[in-house]
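Scroll down for the structure; my scribbles are underneath it.
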Amino acid sequence: MFVESLKCGFNVAEVVKTFGIFVIDSKLLTSSATGKLSHDKALAMQSTKTMTFKKKLIRKFCAGLGMLSLLIAAGCRPSTGLEFPANEVELLKLQRHKYGPNEELDSKYKDQVAGVMAALFGTPDEPAFPFPANDASPFRALVSLGNLNASAGPVASVKDGKENLGLYRKHCANCHGLAGDGAGPVALTLNPYPRDFRLGKFKFKSTPLRVPPTDEDLVRVIRHGIPGTGMPAFPNMPPDEMEAIVDYVKYLAIRGEVERRLWDEVTSLAGEPLAGIPGSLDTAQTREAFRKVLVSDPTSPISDILFDDVLPRWVERDARVSAVPTAPAGVEPNDAEFNSLAGVGKELFLGKANCIQCHELPGHSATQAVNYDDWTNDWVKTPGIDVEDKRTFREFLKAGALPPRLLRPRNLTLPVYRGGDESRDLYLRIKNGIEGTPMPSSVSLNDEEIWALVAFVRSMPLK
Amino acid sequence: MLVLVRLVVVVGLVASMPLAVSAQDSWGHLSGRFVVKGELPPAAQKKIDNDAAYCTRSGKPILDETVVVDENGGLRDVFVMLLLERDAAPPTIHPSYEEKKNEPVVLDNVECRFEPYAVFVRAGQKLSLKNSDEIGHNCHIITFGNEENVNLVAGGTVEVALQKADRVPGNVVCDIHKWMEGVILVRDEPYAAITAADGTFRIDNLPAGTLKFQFWHKKVGFLREITVGNQVTGRRGEAELTIVDGETLDLGTIEIDAKALTGDK
């Protein structure tokens with residue numbers, strides 16, 4: 001549906017029409033010429049930290065005065081010149097974890113990693129993907145470049161608004177951030193924080209821990225939203241746009257995982273971990289050539305990280321979906337056996353299954369164990385950090401980490417289930433646990449025991 | 001295809017190295033002892049905010065185990081790890097390790113702490129997560145390349161296998177009792193060791209030749225600029241050591257300044 005040529009192929013009349021729609025859409029996009037804070041600018045703030053003043057000036061000029069002329073002259077939708085911000089929190093963590101409190105990584109490696117990342121994955125306006133050269137490779141089917149192009153870039157419409165571009169920035173980036181770091185402009189106002197995709201962890205899915213969600217899992221979360229959180233439902237999103245956004249979420253997650261692994265290599269090895277890899281490259285042309293070199297050299301660290309580690313997990317996910325057995329009679333509230341099965345579940349809940357350790361139940365005294373999720377624990381477990389003393393982690397907040405916020409176990413007496421309210425959803429939450437949270441998988445419980453717990457959980461709000 | 005190419009490269013490298021051919025029948029060992037020089041503050045007491053009645057029933061306080069030294073200054077839980085640079089061929093593995101890989105490594109929950117605090121397991125080796133307590137725990141392992149989070153019922157045991165080798169150790173936590181902490185290292189090769197309570201370590205049957213090792217401790221990361229044998233470790237806590245056939249390279253006492261271990265900001 002979406003092809004790359006869409007971005008640059010349309011004629012002047014269409015461009016003018018596009019720009020018209022642009023202006024109508026511009027409550028969010030307000031032209032920088034008027035001096036108001038634009039949508040893209042707000043997002044760009046995340047990545048401008050390292051930008052020089054001169055670059056900022058040039059960027060301002062392009063975004064403002066040059067927007068229309070660029071559109072017409074080049075026949076392209078405007079490029080905002082954005083780069084993905086580096087994962088500074090990850091780098092800081094690895095430095096503290098490996099080098100102790102004071103030492104930093106040599107800045108030449110930062111430039112190298114930025115160059116490699118831009119070559120492999122492009123920019124927020126011009127996405128690329130490290131497809132292997134071999135056409136038959138299963139990695140080639142993971143995402144489509146057309147879908148990435150439809151999601152990337154600033155918001156724009158062509159052909160009477162029927163085909164939309166910049167879908168990610170239109171629908172997602174305000175919360176999830178330009179790089180999918182979960183730290184978009186409004187992230188701080190939301191509880192829980194929006195998901196940071198870069199750890200490659202997702203909570204509500206049909207696959208076990210460490211196996212990424214299927215496309216259907218992602219579609220479901222976007223289509224229905226997540227009750228009890230800031231994640232809205234998108235019930236009317238056309239299927240082709242949904243597909244484009246799902247591919248883009250996978251792209252951001254894969255990109256984030258590759259970057260983290262690259263930092264891990266660079267900070268661990270004693271020699272020259274990126275020896276032979278040139279530094280940062282500036283033009284799209286050379287980035288493409290560079291990408292081809294990186295993905296085709298089986299001895300490069302990039303090849304190991306991509307094809308032996310990150311991408312295989314995304315390819316195998318469909319085969320790793322957890323089977324949900326048929327629910328026995330008694331799981332649904334209308335079943336005659338519901339109360340007796342829920343009774344069995346209650347005993348497990350209070351005893352063997354450990355649920356009461358975290359999930360409070362009226363009438364049963366137990367301390368509610370509160371904790372942090374993996375996105376926070378990932379850096380607050382760094383030696384030297386006391387999570388209750390802000391002075392010990394100021395540098396992390398400065399690098400872009402969101403302030404630690406306690407995660408409360410679900411109050412199951414309320415009928416709000418973030419991962420879905422069907423029996424199979426509750427079964428999966430108990431069976432596999434919830435990735436990124438303290439909720440563990442239940443390998444010690446058999447299926448009958450899990451179904452009894454499902455019945456008890458469903459009975460709680462009814463009382 | 002890619003695997004094949006890599007295999008060919010690896011085989012080619014191994015075949016071209018005279019060391020690797022002879023390494024099959026020449027093996028040596030490595031040992032040493034880490035000692036802290038200077039005074040350390042006493043270990044902090046952990047805040048017990050859940051199941052306190054059970055966890056503290058013996059009356060013993062639960063202490064922070066990030067830095068543990070014995071009465072002679074021996075430093076526990078230093079990781080000594082073979083360092084494989086990016087283009088290095090994997091080391092030849094002594095046959096005695098084959099059988100050892102079939103034995104599970106046990107990580108127990110005892111009186112609301114992990115026993116042992118530091119664990120080394122090979123990728124794919126069975127890791128037995130045990131709960132000797134009469135209350136439930138969860139065992140949440142997060143390393144760079146691995147993750148497990150299992151519900152451990154009272155008295156229960158769950159077997160897992162971590163599949164991906166890591167560069168440095170990762171964390172083990174119990175989310176229900178959040179003072180519980182441990183560290184775990186996952187490696188493809190068996191050539192790593194953790195210092196015991198008296199600070200000693202030993203790695204047997206290393207392929208003879210010059211090898212790089214890295215020294216790591218949870219508190220400070222790579223142990224840099226420490227004197228190991230006749231050299232000083234580099235920026236990644238690494239040192240090049242020569243293992244001689246049939247001999248044990250004893251690094252003797254390796255001193256770490258107490259100030260380096262209290263390096264909080």
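Small disclaimer: the values here were computed from a predicted structure and weren't measured. Residue numbering restarts at 1 for every chain, and letters A, B, ... go by the order of the sequence lines.
Here the straight-line distance linking atom SG of A:Cys355 with atom CG of B:Asn151 works out to 7.0 Å at 0.5 Å rounding.
For the pair A:Leu94/B:Phe144, a side-chain contact is recorded, criterion being any heavy-atom separation below 4.5 Å from C-beta on. Looking at heavy atoms from C-beta onward, B:Lys164 lies out of side-chain contact with A:Arg313 at the 4.5 angstrom threshold. Residues B:Ile142 and A:Asn377 have side chains not in contact (no heavy-atom distance under 4.5 Å, counting atoms from C-beta outward). Taking 4.5 Å as the limit, some side-chain heavy atom of A:Leu269 sits within range of a side-chain heavy atom of B:Arg167. No side-chain heavy atom of A:Arg210 sits less than 4.5 Å from a side-chain heavy atom of B:Gln163. Under the 4.5 Å side-chain criterion, counting only non-hydrogen atoms from C-beta, A:Val370 is in contact with B:Lys178. No side-chain heavy atom of A:Pro438 sits under 4.5 Å from any side-chain heavy atom of B:Ile176.
Residue B:Glu147 touches chain A through both its backbone and its side chain, counting heavy-atom pairs closer than 4.5 Å. Proximity to chain A is absent for every atom of B:Val160, based on heavy atoms less than 4.5 angstrom apart. For A:Thr267, the part sitting under 4.5 Å from any heavy atom of chain B is the backbone (N, CA, C, O) and nothing else. Of the two parts of A:Thr437, only the backbone, made up of N, CA, C and O, holds a non-hydrogen atom closer than 4.5 Å to a non-hydrogen atom of chain B. Interface remark: B:Arg224 contributes side-chain atoms only to the contact with chain A (heavy atom separation under 4.5 Å). Residue contact with chain A, scored on non-hydrogen atoms closer than 4.5 Å, involves the backbone and the side chain of B:Val150 alike. Residue B:Leu223: no heavy atom, backbone or side chain, is found under 4.5 Å from chain A.
Heavy-atom pairs under 4.5 Å with chain A peak, among B:Asn146, B:Leu152, B:Leu83, at B:Asn146. The candidate from A:Lys201, A:Glu435, A:Arg391 with the greatest count of non-hydrogen atom pairs under 4.5 Å with chain B is A:Lys201. Interface remark: of the candidates A:Lys381, A:Glu265, A:Met439, A:Glu265 forms the most heavy-atom pairs closer than 4.5 Å to chain B.
Ring geometry, A:Tyr99 versus B:Phe222: the interplanar angle falls from 30° to 60°, so the pair is classed tilted.
Partners of B:Cys112 according to the disulfide (SG to SG under 2.5 Å) rule, which considers only residues two or more places apart in sequence or in another chain, are B:Cys55. When the side-chain hydrogen bond (donor to acceptor under 3.5 Å, both in side chains) test is applied to B:His137, the partners found at least two apart in sequence or on another chain are B:Asp133, B:His177. Evaluation of the side-chain hydrogen bond (donor to acceptor under 3.5 Å, both in side chains) rule for A:Asp386 yields no partner, not counting sequence neighbours.
By the neighbour-count criterion of 12 heavy atoms within 6.0 Å, atom CD of B:Glu225 is sparsely surrounded, having that number or fewer from other residues, nucleotides or ligands.
Residues of residues 347-354 of chain A having a heavy atom under 4.5 Å from any heavy atom of chain B, listed by number: A:Lys352, A:Ala353, A:Asn354.
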